[in-house]
Structures are given as structure tokens and as C-alpha cells.
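Right, one structure below, let's go through it.
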Amino acid sequence: MELDPDVLTPAQNYKLMTCLVIPRPIALVTSIGPSGVVNAAPFSFFNVMGSEPPIVVLGISDRPEGSPKDTAANIRRGRQFVVNLVSEEIVGKMNVCAIDFPPEIGELSAAGLTPTPSVKVAPPRIAESPVHLECEEIQTIAIGENRVVMGRVVQMGVRDGLVDPENLRVRSDLMHLVGRMHAPSWYTRTGDVFELPRQTYAQWKANQAEV
Ligand SMILES: Cc1cc2nc3c(=O)[nH]c(=O)nc-3n(C[C@H](O)[C@H](O)[C@H](O)COP(=O)(O)O)c2cc1C
């Protein structure tokens with residue numbers, strides 16, 4: 001089947017993009033609003049785009065009437081944000097942060113999540129999250145109804161016990177991160193893993209010879 005996004009409706013394109021590209025990691029992003037209120041919202045149009053320097057990207061769609069979501073507006077204004085990764089333990093609370101609360105209600109307190117100071121940026125981390133990436137905005141590009149936010153990671157915070165300080169080995173089996181699956185509301189755990197070692201050309205050639 002071939003599908004041309006130019007002839008599909010926006011809703012059809014959303015459905016296809018969010019159901020075909022799975023799983024997606026989830027960034028629970030904290031930023032600071034104009035009155036100083038801490039804002040928290042989840043984004044699964046999110047990933048790491050490089051490591052030197054460390055870069056993350058968020059895809060934030062505009063609201064139906066065309067205004068930017070609070071996270072996009074806050075990042076443009078304050079140029080800083082924190083990506084808090086989402087574990088099974090806090091996935092229900094993450095979902096509360098996606099509610100379209102009126103501006104006077106802070107998502108963190110409504111969800112029962114705890115802000116804790118960041119090391120290098122003004123927006124706080126979420127204490128219950130196992131991994132925090134403190135970011136500074138590099139650039140935001142408006143493409144149609146999307147704002148693609150590029151951020152440089154300036155500090156990483158990881159819960160004690162998840163990274164071996166000697167060799168930086170990460171205990172992903174203890175992080176219990178979740179991923180977003182098909183729309184509208186399916187998720188996956190990250191515990192079902194398998195190993196596939198990367199091969200050199202010489203190893204690949206030797207394996208071919210054996211066959
Ligand atoms: C798991 C999950 C992932 C989401 N991913 C995105 C996303 O990638 N882009 C987006 O614009 N909205 C996404 N949303 C919806 C936003 O979280 C929601 O619109 C939120 O209210 C925006 O808050 P803000 O106005 O405070 O920024 C997602 C919602 C959920 C539950």
C-alpha cells in the first residue's frame with residue numbers, strides 16, 4: 001500500500017505517523033512559564049540526535065487554533081528545559097501532565113510529582129524520574145504546525161545505582177523506562193531485550209565463508 005501525505009487529512013497523517021513509527025521514547029519536559037509557574041508536559045516526538053555535543057529534539061505541534069503549546073512558548077522565552085525520562089512507576093502521573101489544565105494549575109502538583117532543583121538550568125527536574133537531561137535551546141524551527149526544538153544537553157542526572165561510576169555501564173534493566181506505541185494510548189515496557197553484537201567487515205566475511 002502506498003500513501004501520499006499530501007492527499008491525506010491531518011488526522012490521517014497523525015494516525016499513520018504515530019502508529020507506524022513505534023516505539024518512541026517519552027520526554028516529560030519541564031519548563032518555566034511567564035509567571036514563574038513550572039510547566040510539565042510529555043512529548044513522544046522526541047529523541048537523541050547526536051552525542052558530541054549531546055543533542056535532543058522535540059516535535060511540538062501547535063494547538064488547534066494555531067497558538068504554540070506552553071512548552072514551546074516557554075522554551076523560546078527561557079531557552080532552557082529539562083527532559084525527564086518516564087519509568088513505569090510514573091507513567092500514570094505523566095499522563096496527568098498531558099491534561100490541558102488552565103494556566104493557574106501546575107501539572108506537577110496536580111500529578112503528585114515533585115520538582116527538585118536542576119544543576120545548570122532554571123527549570124527544575126522531576127524527582128521521581130530516573131534520568132534528567134538539562135537542556136539549552138539551540139534552535140526552534142517552525143515547520144507548518146510543528147515546532148521542532150533542538151536542545152543541547154548541558155547536564156545529565158541519573159538516579160544512584162543506575163550507572164556504574166567506574167565504567168559508565170548503564171543498568172537499563174533497572175530503569176524500567178516506557179515507550180509510546182500506537183495512538184491513541186498504547187505504551188510498551190522496555191524489559192523485553194535481546195543482544196545482536198555489531199560485526200566488523202572481517203567478521204562478516206569470515207561468517208560468509210563458513211556458510
Ligand atoms: C505520551 C504522550 C506523548 C505526547 N507527545 C506529544 C508530542 O510529541 N508532541 C505534541 O505536540 N504533543 C504531545 N502530547 C500532547 C501534549 O503532552 C499535550 O498537548 C500537553 O497538554 C501540552 O502541554 P503544554 O501546553 O503545557 O506544553 C503527548 C501526550 C502524551 C500523553
Side-chain angles (χ1 to χ4, degrees), residues 10-11 13-49 55-113 115 121-126 128-131 133 135 137 140-151 175-190:
N13 280 326
Y14 175 81
K15 187 174 179 177
L16 287 165
M17 294 304 286
T18 54
C19 292
L20 292 172
V21 184
I22 54 170
R24 300 187 302 282
I26 304 170
L28 181 51
V29 175
T30 37
S31 59
I32 297 187
S35 60
V37 169
V38 176
N39 189 86
F43 297 93
S44 66
F45 293 163
F46 156 65
N47 221 309
V48 55
M49 287 294 141
I55 300 168
V56 294
V57 169
L58 306 171
I60 307 181
S61 60
D62 285 342
R63 295 209 179 92
E65 82 284 4
S67 64
K69 289 184 182 175
D70 291 340
T71 301
N74 293 346
I75 293 173
R76 279 285 47 223
R77 192 184 320 100
R79 309 216 57 190
Q80 294 183 331
F81 59 102
V82 179
V83 168
N84 303 273
L85 294 182
V86 177
S87 61
E88 287 175 45
E89 194 190 355
I90 61 167
V91 70
K93 295 179 176 187
M94 174 281 296
N95 205 27
V96 173
C97 293
I99 293 172
D100 197 13
F101 288 112
E104 66 275 15
I105 297 185
E107 288 92 359
L108 286 184
S109 57
L113 291 167
V121 299
R125 302 171 171 187
I126 294 173
E128 291 81 1
S129 168
V131 181
L133 306 176
C135 300
E137 184 205 46
T140 294
I141 306 174
I143 306 171
E145 295 171 3
N146 310 290
R147 283 150 210 262
V148 178
V149 177
M150 278 175 257
M175 287 200 289
H176 305 299
L177 296 184
V178 294
R180 197 173 193 196
M181 297 293 284
H182 39 288
S185 50
W186 290 89
Y187 295 87
T188 186
R189 298 181 178 87
T190 51

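Computed over heavy atoms, backbone and side chain alike; hydrogens, waters and symmetry mates excluded. Both ligands and their constituent atoms are indexed starting at 1 by order of listing.
- Shown here are the ring pair (Phe, Tyr, Trp, His ring centres under 6.0 Å) partners of His176, two or more places apart in sequence or in another chain: there are none.
- By the side-chain hydrogen bond (donor to acceptor under 3.5 Å, both in side chains) test, Asp62 is found to be paired with Arg147, residues two or more places apart in sequence or in another chain being considered.
- Within the 3.5 Å criterion, the main-chain N or O of Leu113 finds no donor-acceptor partner in the side chain of Glu128.
- Contact shell of ligand 1 (protein heavy atoms, cutoff 4.0 Å): Asn39, Ala41, Pro42, Phe43, Ser44, Phe45, Gly59, Ile60, Ser61, Arg63, Lys69, Asp70, Thr71, Met94, Asn95, Ala98, Glu107, Arg180, Tyr187.
- Sorted by first and then second residue, the salt bridge (charged side-chain N to carboxylate O under 4.0 Å, His left out) pairs with a member in residues 89-103 form an empty list; sequence neighbours excluded.
- Counting only N and O atoms by type, the side chains of Ser129 and Asn84 include no donor and acceptor under 3.5 Å apart.
- Side chains of Pro123 and Gln80 form a contact here, defined as non-hydrogen atoms less than 4.5 Å apart.
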